There are 2 protein chains.
Amino acid sequence: MSKKEPLCDNIAGEDCGLKKVLNIVGGKWKIMILCVIDKDEVVRYGDLRRAVFGITNTMLANSLKELEETGMVIRKQYDEMPVRVEYSLTDKAKSIIPILLELKRWGEKNL
Amino acid sequence: MSKKEPLCDNIAGEDCGLKKVLNIVGGKWKIMILCVIDKDEVVRYGDLRRAVFGITNTMLANSLKELEETGMVIRKQYDEMPVRVEYSLTDKAKSIIPILLELKRWGEKNL
DNA sequence: CCGCATCCTAAACGATACTG
DNA sequence: CAGTATCGTTTAGGATGCGG
């Protein structure tokens with residue numbers, strides 16, 4: 001009998017681990033956002049918008065909110081004047097980075 | 001100086017290895033299709049349609065065509081009557097499976 | 001400075017019917 | 001059996017302007 005670990009267990013639903021991952025880091029901008037924060041550790045909203053070339057306020061704010069809700073980034077607000085907001089990665093997000101790096105290397109080698 | 005390997009090298013374009021990967025295995029069905037073929041090694045079109053619950057002819061045919069064009073699956077046609085078509089994974093596709101499995105495990109553990 | 005609200009476009013996805 | 005063609009729907013993404 002085959003002992004192969006299946007890629008997806010629940011072919012029908014959204015509860016496959018793989019699909020869950022794509023749900024939270026998929027889309028057009030999320031990985032690039034994680035990338036910038038990973039690189040600089042702590043990043044302000046405005047710096048993020050300048051670093052992620054081409055992103056609009058709408059998409060950056062939406063993406064950051066979703067990343068925060070899924071426990072990937074931490075939002076810290078300083079009520080100065082004007083206000084300052086800093087984003088950083090959670091431990092959870094940091095733990096996925098090495099796997100994404102493997103995927104990146106695979107892509108560079110094979111595509 | 002930081003020696004950290006960047007997640008994305010080209011923040012602006014589509015030429016980041018990570019984005020390339022998502023381009024070819026992203027979307028709603030591609031990973032599930034790869035999953036089924038990986039499990040059974042060689043799969044006929046009709047079996048694939050039954051195995052990937054909820055997929056339509058349109059999406060299955062489109063996805064398979066794209067996976068073939070990106071060198072992820074092999075299409076072999078037998079001109080019998082009625083015709084028979086079998087799909088299998090390329091070595092390239094097989095080599096990404098272990099990484100996807102890691103992602104899957106990460107998703108199961110963290111999401 | 002850091003976003004949100006609104007409206008709009010484009011692309012992904014889907015239903016149905018039909019063909020070699 | 002293994003798809004294609006056509007058309008409708010839905011969702012992701014984007015432009016612009018306003019507000020705390």
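This one's a predicted model, so the numbers in the text were calculated from it and none came from an experiment. Order of the sequence lines fixes the chain letters, A, B, ..., with proteins taken first and strands second; residue numbering starts at 1 for each chain.
A donor-acceptor contact shorter than 3.5 Å is absent between the side chain of A:Lys30 and the backbone of A:Glu66. The backbone N or O of A:Ile24 lies less than 3.5 Å from no partner atom in the side chain of A:Thr70, so there is not a single donor-acceptor pair.
The stretch residues 61-80 of chain B touches DNA chain D through B:Ala61, B:Lys65, B:Arg75, each having a heavy atom within less than 4.0 Å of the strand.
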Enumerate all atom pairs, one protein N or O and one N or O from nucleotides 12-16 of chain C, separated by less than 3.5 Å.
{"residue": "C:dC13", "atom": "OP1", "partner": "B:Lys28", "partner atom": "N", "Å": "3.0"}
{"residue": "C:dG14", "atom": "OP1", "partner": "B:Lys28", "partner atom": "NZ", "Å": "2.3"}
{"residue": "C:dG14", "atom": "OP2", "partner": "B:Trp29", "partner atom": "NE1", "Å": "2.9"}
{"residue": "C:dA15", "atom": "N6", "partner": "B:Thr58", "partner atom": "OG1", "Å": "2.8"}

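Here A:Arg75 does not pair with A:Glu86 in a salt bridge; the nearest charged N to carboxylate O distance is not below 4.0 Å. The pair B:Glu108-B:Lys104 meets the salt-bridge criterion, since a charged nitrogen lies less than 4.0 angstrom from a carboxylate oxygen.
Judged as a side chain to side chain contact (heavy atoms under 4.5 Å, CB included), and not counting sequence neighbours, the contacts of A:Leu7 are A:Leu18, B:Cys35, B:Ile97, B:Leu100, B:Leu101. Not counting sequence neighbours, the partners of B:Met59 by the side chain to side chain contact (heavy atoms under 4.5 Å, CB included) test are B:Trp29, B:Ile55, B:Thr56.
Applying the side chain to side chain donor-acceptor pair (under 3.5 Å) test to every pair with at least one member in residues 40-53 of chain B, sequence neighbours left out, gives these pairs: A:Lys4-B:Glu41, B:Tyr45-B:Asn57, B:Asp47-B:Arg50, B:Arg49-B:Asn57.
Residue B:Arg49 is out of contact with every strand shown, counting any heavy-atom pair closer than 4.0 Å.
When all heavy atoms of A:Tyr87 and A:Ile37 are compared, the pair lying nearest together is O-CG2, 3.7 Å. Residue B:Ile74 comes nearest to B:Leu89 through the heavy atom pair CD1-O, 4.2 Å, listed as atom of the first residue, atom of the second, then distance. The minimum heavy-atom distance between A:Val25 and A:Ile31, with the atom names listed, is O-CG1, 3.3 Å.
Here the P atom of nucleotide C:dC1 and the CG atom of A:Asp47 are 10 Å apart, to the nearest Å.
For DNA chain D, the contact window with chain B, defined by any atom under 4.0 Å from a protein heavy atom, covers D:dC1 to D:dA5 in 5' to 3' order.
Phosphate proximity of C:dC2 to A:Arg44: present, with a side-chain N or O under 4.0 Å from OP1 or OP2.
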